[in-house]
Amino acid sequence: MKEKRKPKFFFDFYSLIHTFFVPLHSIMEQQAVRIERPTWIERLHEWRVEHVSDRMFLLVLAFFVGLFAAVAAYVLHGMINQIVALLTGQFSVTSYNWLYLVYPVIGIYLTSLFVRHIVKDNISHGITRILYAISSKKSRLKPHNTWSSVIASALTIGFGGSVGAEAPIVLTGSAIGSNLGQLFKLDSKTLMTLVGCGAAGAIAGIFKAPIAGLVFTLEVLMIDLTMASLLPILISCVTATCFTYIFRGDSALFSFHLDSDWTVQQVPASILLGVCCGLVSLYFIRTMNACEDLFARFKDKPYVRLLIGGAILSTLIFLFPALYGEGYHSINLLLNGRTEADWHEILDNSLFYGHHGFLISYLALVLFTKVFATSATNGGGGCGGTFAPSLFIGCFTGFLFSRLWNMHQIGVYVPEKNFALLGMAGVMSGVMHAPLTGIFLIAEITSGYDLFMPLMIVSVFAYLTIIIFEPHSIYGMRLARQGKLITHHTDHAVLTLMSLDSVIDRDYQAVDPDMELGQMVHKISRSKNSVLPVVDAAGMLLGEVNITKIRHVVFRTELYHHFKASQLMTAPAAVLTDGTPMADVMRTFERTHADWLPVLDGERNLKGYISRKRMYDMYRKMVHDFSQD
């Protein structure tokens, strides 16, 4: 029989499938095999685990963290200097400049556009974000934090934003350390050390001050000084400092030459300056928080924030050009002036130019308005920190204090340059609650080791003054209110690092209020804890049945239809809510002596139970891991 021929289009279609889709399928199979193969980073990780110890690898990573932090600091300051030179290089020093009313608004606007449309994340309060990541995110910072703060702060400060570049660089350095650690799948404790390495390297690189970088990490970020963390942080600090010297040469942010030695007769003036610096720090912190709360009311209205913040900032800079940018030029003028003519240069570019009799008034007004300029910059949408503003305010405080002291001949003459330097350490110590950082940073960046004794006096008294009013630094006060601030107290630090979600037992046997005892017995046989939660149809907790308290009826089958869950349930000893700090959880267990406590979400629905035994077991393990070095 003659075979029936298939239509020609069938062969064409079959040929098309065979010639195109079969090779494509083969390519896809090869691609799938290729995807399953380990990547280069996984192969490097495997090789590292096999050939390099964890201790040695941490030291290697600390070196690279220090290097990258120094590069980030160099790039940021280079960008800021280029923008400032481009915008203000042609300004006349003998009169005011109207462009001061325009540049800051443009800078804040560009920064807000960059953050809102490109970064799409909140990058303000850099050091506070680091503290939050350590306490609540297992020291994990987002990848974009390795570069986003550099660009945003360069735009803000270059166009006149009255903030500092240090906090963005510290966040950048910490993010570099965190992401390097995440790349090689290191544990959270090692990530914490690398975050500290990044922060220390950033401070050391910016100021060429390795000891200050180390002390900053210990005092502000609360990284414990153990042998496991000391060496990596030192390596990061030294590396960042050395590469900064390579990039920028011997030039420093501040220069200082001691004209007259400190004497014992200056002790009263030094003590009084420390107290004044503490009070100025209090003014700085309280005013900053009040202004930020004001801008927070317009959180969802970015253009209203821009209008208010830009108007305040541009007006203040127009009146007082010393507020433009970081203000390091003004600091150097006060630290290096030898004659009245040198100090009068601070009046350049302003309405006060040539009116030398207004120098004291000008300094006082700049000191008073600096905090408003800083708040307006960040509140309006800019990006920057309070590190440089604290140095700026401290320098003006010290100079103004010494000038008034000498004018009224209160006691022995005090050198104004020296006290401007001491004021920087004092206000920094008060604002950051970090007296050692203030002492070593100012000593290192100015080579002012001859003033070590007065630096200690001023810093200590500034700190003792501020803690009377504010127990926490400007970086940690918000986290402290939420119970999320890491401290050097091991027990408190461990409780802060513990996560409520990590100890919740979600495997529970819930019953409805109308369930009879006979049905509840089956639930009891499958339950892993000693309580059965009674919930309604929406999941809301109504009460709980304590299994240990119904033994007298649970084995009597004749009563299985006589009792319901609603008759046997009791109110829990206490109720925990989602997000309750672990310190409060532990105190609740101690107060109630309960073995199990329910956890409710924001809508009062049951999330699960926390076992007293499980929580204490995890706590003891974390204390052991936290303290084993």
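Both backbone and side-chain heavy atoms feed into the values below; hydrogens, waters and symmetry mates do not. Residues take their numbers from the sequence shown, with the count starting at 1.
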- line: Between Ala154 and Met79 the two heavy atoms that sit nearest each other are CB-CE, 3.6 Å

Qualifying residues under side-chain hydrogen bond (donor to acceptor under 3.5 Å, both in side chains), relative to Ser459, sequence neighbours excluded: Ser429

Qualifying residue for side chain to side chain contact (heavy atoms under 4.5 Å, CB included) with Asn418, from Phe399, Trp262, Phe256: Phe256

- prompt: Under the side chain to side chain donor-acceptor pair (under 3.5 Å) rule, what pairs show up with a residue in residues 390-401, not counting sequence neighbours?
  reply: none

task: Can you measure from CE (Met424) to SG (Cys277) and round to the nearest 0.5 angstrom?
output: 11.0 Å

message: Counting neighbours of CZ on Phe358 that are heavy atoms of other residues, nucleotides or ligands and sit closer than 6.0 Å, is the number greater than 12?
response: no

- prompt: Can you list the steps and then say if Thr156 with Thr111 is a side-chain hydrogen bond (donor to acceptor under 3.5 Å, both in side chains)?
  reply: CA-CA 6 Å; Thr156 299; Thr111 303; 2.8 Å; yes

- prompt: Can you name the one residue among Val371, Leu279, Asn289 that meets side chain to side chain contact (heavy atoms under 4.5 Å, CB included) with Phe284?
  reply: Val371

message: Could you tell me if Lys370 sits above the aromatic ring of Phe396, with its cationic atom closer than 6.0 Å to the ring centre and no more than 45 degrees from the axis?
response: no

task: May I have the step-by-step check of ring-ring contact (aromatic ring centres under 6.0 Å, His included) for Phe387 and Phe207, ending in yes or no?
output: CA-CA 12 Å; Phe387 205 108; Phe207 297 107; 5.6 Å; yes

field: Identified side chain to side chain contact (heavy atoms under 4.5 Å, CB included) counterpart of Ile331 within the set Leu334, Leu333, Leu335
entry: Leu335

Stepwise side-chain contact (heavy atoms from CB on, under 4.5 Å) check, Tyr413 with Trp405: CA-CA 8 Å; Tyr413 173 81; Trp405 177 282; over 6 Å; no

task: Working to the nearest 0.5 Å, report the span between CG of Leu451 and CD1 of Ile439.
output: 12.5 Å

message: With rounding to the nearest 0.5 angstrom, report the CD to CG distance, Gln90 to Leu99.
response: 11.5 Å

message: Looking at His408, I want to see if its NE2 is surrounded by more than 12 non-hydrogen atoms of other residues, nucleotides or ligands under 6.0 Å.
response: no

- prompt: Got a second to check how far Thr88's OG1 is from Phe91's CZ, nearest 0.5 Å?
  reply: 6.0 Å

- line: Across all chains, not counting sequence neighbours, the side-chain hydrogen bond (donor to acceptor under 3.5 Å, both in side chains) partners of Ser148 are His144

- prompt: Can you tell me how far the OG1 atom of Thr244 sits from the NE2 atom of His77, to the nearest 0.5 Å?
  reply: 9.5 Å

task: Would you confirm whether Ser162, through its side chain, and Leu323, through its main-chain N or O, come within 3.5 Å as a donor-acceptor pair?
output: yes

Minimum heavy-atom distance between Ser124 and Arg129, given as atom pair plus value: O-CD, 3.1 Å

- prompt: Hey, does the side chain of Asp250 reach the backbone of Tyr245 with a donor-acceptor pair shorter than 3.5 angstrom?
  reply: no

task: Could you tell me whether the side chain of Ile442 reaches within less than 4.5 Å of the side chain of Leu391, counting heavy atoms only?
output: yes

query: Does the side chain of Phe63 reach to within under 4.5 Å of the side chain of Phe68, using non-hydrogen atoms?
result: no

message: Test ring-ring contact (aromatic ring centres under 6.0 Å, His included) on Phe114 and Tyr109; report intermediate values, then the result.
response: CA-CA 9 Å; Phe114 171 76; Tyr109 179 63; over 10 Å; no

task: State, with a plain yes or no, whether a side-chain heavy atom of Ile203 is found less than 4.5 Å away from one of Ile169.
output: no

Pairing of Arg403 and Glu340 as salt bridge, 4.0 angstrom limit: yes

field: Expected output: side-chain Glu219 to main-chain His433 donor-acceptor under 3.5 Å
entry: no

- request: For the residue pair Ser153 and Leu76, establish whether any side-chain heavy-atom pair is separated by less than 4.5 Å.
  value: yes

task: Would you please indicate yes or no on a ring centroid separation below 6.0 angstrom for Tyr103 and Tyr324?
output: no

field: Least distance between heavy atoms, Leu273 atom then Gly398 atom
entry: CD1-CA, 4.0 Å

side-chain contact (heavy atoms from CB on, under 4.5 Å) between Phe372 and Leu316, worked out: CA-CA 9 Å; Phe372 294 100; Leu316 290 177; 4.1 Å; yes

- prompt: Backbone N or O of Ser139 within a donor-acceptor pair of the Ser178 side chain at under 3.5 Å?
  reply: yes

field: Within-4.5 Å side-chain heavy-atom neighbours: Leu294 and Arg297
entry: yes

query: Hey, does Phe247 have a side-chain heavy atom less than 4.5 Å from the side chain of Val71?
result: yes

- prompt: How about Ile130 and Tyr475: do any of their side-chain heavy atoms sit closer than 4.5 Å?
  reply: no

message: Counting only heavy atoms not in Tyr74 (residues, nucleotides, ligands), do more than 12 fall under 6.0 Å from its OH?
response: no

query: Of all heavy-atom pairs between Pro210 and Cys237, which one has the smallest distance, and what is that distance?
result: O-SG, 3.5 Å

message: Check for me whether the distance between the ring centres of Tyr303 and Phe298 falls short of 6.0 Å.
response: no

query: Going through the checks in order, is the side-chain contact (heavy atoms from CB on, under 4.5 Å) test met by Val150 and Trp147?
result: CA-CA 5 Å; Val150 173; Trp147 56 269; 5.6 Å; no

- request: Just say parallel, tilted or perpendicular for the rings of Phe318 and Trp98, cut-offs at 30° and 60°.
  value: parallel

message: Between Ser174 and Val170 (side chain of the first, backbone of the second, donor and acceptor by atom type, cut-off under 3.5 Å), is there such a pair?
response: yes

- prompt: Could you state the interatomic distance from CG (Leu363) to SG (Cys395), rounded to the nearest 0.5 Å?
  reply: 9.5 Å

- request: Please check if the side chain of Ser236 supplies one atom and the backbone of Pro232 the other of a donor-acceptor pair under 3.5 Å.
  value: no

- line: Tightest non-hydrogen contact, residues Val65 and Gly173, listed as CG1-O, 4.2 Å

message: Using modelled atom types and a 3.5 Å cut-off, is there a donor and acceptor pairing between side-chain atoms of Glu444 and backbone atoms of Ile211?
response: yes

query: Distance-only, no hydrogens or angles: does the Asn378 side chain make a donor-acceptor pair with backbone N or O of Gly385 under 3.5 Å?
result: no

field: Closest approach of Ala62 to Cys197 (non-hydrogen atoms, all atoms of both residues)
entry: CB-SG, 4.1 Å

message: Is there a side-chain contact between Pro454 and Ser270 in this structure, where contact means two heavy atoms from C-beta onward sitting under 4.5 Å apart?
response: yes

- prompt: Step by step, would you call Ile393 with Val280 a side-chain contact (heavy atoms from CB on, under 4.5 Å)?
  reply: CA-CA 8 Å; Ile393 290 177; Val280 170; 3.5 Å; yes

